[in-house]
Colleague: 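Pasting in a structure now, in structure tokens, and then I'll have a few things to ask.
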Amino acid sequence: MQIKGRFDHYNSNVMNLERSVEFYRKALGLTEKRRKEAADGSYILVFLGDEYTDFQLELTWLRDRKEPYNLGDNEMHLCIRVDGDYDAIREFHREMGCICYENESMGLYFIEDPDGYWIEILKMK
């Protein structure tokens, strides 16, 4: 059997949904595509997307979660390619205070979202 898969979405659980939605809008230009709320209010799912692909970032908020998520060694990450002046975008992220790692020799850097998830930032191809 040969399976043909296609990326659909990536999930991150968040503590403050609106703060996270605003971060991804401001830092990366991602916008809300759809939202699903549990009838009993126990969870909210927000799917964010870009204007180039069908891939979405799912942010999950759980009402009963009180403590921050343990991200372990944080070896997994999302990667976003940005269009425009890469140096100006990096400076904007620096002003936001969200750059957590830079590797200029490799031409990349990482930003950290409000819950500690890392996002690699690369130039658009």
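For the numbers below, each heavy atom of this structure counts, side chains included, while hydrogens, waters and symmetry mates do not. Starting from 1, each residue takes its place in the sequence as its number. Note that this is a predicted model, so its numbers are computed, not measured.
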Colleague: Side chains of H93 and Y109: does their closest heavy-atom pair fall under 4.5 Å?
Modeller: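 Yes. Closest side-chain heavy atoms under 4.5 Å.
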
Colleague: F23 versus I111: any side-chain heavy-atom pair under 4.5 Å?
Modeller: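 Yes. Closest side-chain heavy atoms under 4.5 Å.
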
Colleague: I'd like to know if L28 and Y52 are part of one continuous hydrophobic network [Ile/Leu/Val/Met/Phe/Trp/Tyr, side-chain heavy atoms within less than 4.5 Å].
Modeller: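 Shared cluster, no.
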
Colleague: Applying side-chain contact (heavy atoms from CB on, under 4.5 Å) to Y43 and K36, what does each step give before you reach the verdict?
Modeller: CA-CA 8 Å; Y43 69 84; K36 180 179 180 177; 3.5 Å; yes

Colleague: Look at the rings of Y101 and W118 and say which category their plane angle falls in: under 30° parallel, 30 to 60° tilted, over 60° perpendicular.
Modeller: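 Ring orientation of Y101 relative to W118: parallel.
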
Colleague: Answer yes or no: is there a side-chain heavy-atom contact under 4.5 Å between N13 and Y117?
Modeller: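 Side-chain contact under 4.5 Å: yes.
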
Colleague: Indicate yes or no: at least one non-hydrogen side-chain atom of F55 is less than 4.5 angstrom from one of L78.
Modeller: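 Side chain of F55 against side chain of L78, heavy atoms only: contact under 4.5 Å found.
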
Colleague: With the threshold set at 4.0 Å, does a side-chain nitrogen-carboxylate oxygen contact exist between E32 and R34?
Modeller: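 Result for this pair is no, no salt bridge flagged.
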
Colleague: For the residue pair K33 and T31, establish whether any side-chain heavy-atom pair is separated by less than 4.5 Å.
Modeller: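 The answer is yes, as the side chains (C-beta and beyond) meet within the 4.5 Å cut-off.
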
Colleague: Which heavy atom of L62 sits nearest a heavy atom of Y69, and at what distance?
Modeller: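 Between these two residues, the closest heavy atoms are CD1-OH, 3.7 Å.
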
Colleague: Between E104 and R90, does at least one N-O distance fall below 4.0 Å, as a salt bridge requires?
Modeller: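 The answer is no: the pair does not qualify as a salt bridge.
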
Colleague: Using 4.0 Å as the upper bound for N to carboxylate O, is an ion pair formed by E22 and R19?
Modeller: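 No, this pair does not count.
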
Colleague: Do the side-chain N and O atoms of Y24 and D113 include a donor-acceptor pair separated by under 3.5 angstrom?
Modeller: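 Side-chain D/A pair, Y24 to D113: present.
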
Colleague: Find the distance between CG (L48) and CD (Q56) and round it off to the nearest 0.5 Å.
Modeller: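 If I round to the nearest 0.5 Å, the distance is 8.0 Å.
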
Colleague: Check whether any side-chain heavy atom of L59 sits under 4.5 Å from a side-chain heavy atom of V21, and report yes or no.
Modeller: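 Yes, close enough: below the 4.5 Å cut-off.
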
Colleague: To check you understand the geometry: which heavy-atom pair defines the closest contact between G72 and N70, and what is its length?
Modeller: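 Shortest heavy-atom separation between G72 and N70 comes out as N-OD1, 2.8 Å.
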
Colleague: For E58 and R35: C-alpha separation, side-chain torsions, deciding distance, then whether salt bridge (Lys or Arg N to Asp or Glu O under 4.0 Å) applies.
Modeller: CA-CA 9 Å; E58 174 189 352; R35 179 180 289 238; over 6 Å; no

Colleague: Taking all non-hydrogen atoms of both residues into account, name the closest pair between F92 and K26 and its distance.
Modeller: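 The pair with the smallest heavy-atom distance is CE2-O, 3.5 Å.
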
Colleague: Stepwise, does the side-chain contact (heavy atoms from CB on, under 4.5 Å) test hold for M76 with Y10?
Modeller: CA-CA 11 Å; M76 296 179 63; Y10 182 85; 4.0 Å; yes

Colleague: So if you build clusters from Ile, Leu, Val, Met, Phe, Trp, Tyr with side-chain heavy-atom gaps below 4.5 Å, do Y86 and M124 land together?
Modeller: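 No, it is not one cluster - the side chains of Y86 and M124 are not joined through contacts under 4.5 Å.
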
Colleague: Does the side chain of D54 reach to within under 4.5 Å of the side chain of R6, using non-hydrogen atoms?
Modeller: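 The answer is yes, as the side chains (C-beta and beyond) meet within the 4.5 Å cut-off.
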
Colleague: Hey, what do you get for CG (L45) to CH2 (W61), rounding to the nearest 0.5 Å?
Modeller: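 Answer rounded to 0.5 Å: 11.0 Å.
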
Colleague: Between V14 and T60, is there a side-chain heavy-atom distance shorter than 4.5 Å?
Modeller: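 No, their side chains stay 4.5 Å or more apart.
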
Colleague: Please check if atom CE in M106 has more than 12 non-hydrogen atoms from other residues, nucleotides or ligands closer than 6.0 Å.
Modeller: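 Count not over threshold, so no.
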
Colleague: Locate the shortest heavy-atom distance separating L122 from C79; write the atom from each residue and the value.
Modeller: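 In this case the closest contact between L122 and C79 is CD1-SG, 3.5 Å.
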
Colleague: So I121 and V82, side-chain contact (heavy atoms from CB on, under 4.5 Å) or not? Walk me through it.
Modeller: CA-CA 7 Å; I121 307 299; V82 294; 3.9 Å; yes

Colleague: Under a plain distance cut-off of 3.5 Å, with no hydrogens placed, do D115 and S20 share a side-chain donor-acceptor pair?
Modeller: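 S20 vs D115: donor-acceptor pair found between side chains.
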
Colleague: Any idea which heavy atoms bring E112 and C100 closest together, and the distance?
Modeller: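 Looking at all heavy atoms of both residues, the closest pair is OE1-CB, 3.7 Å.
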
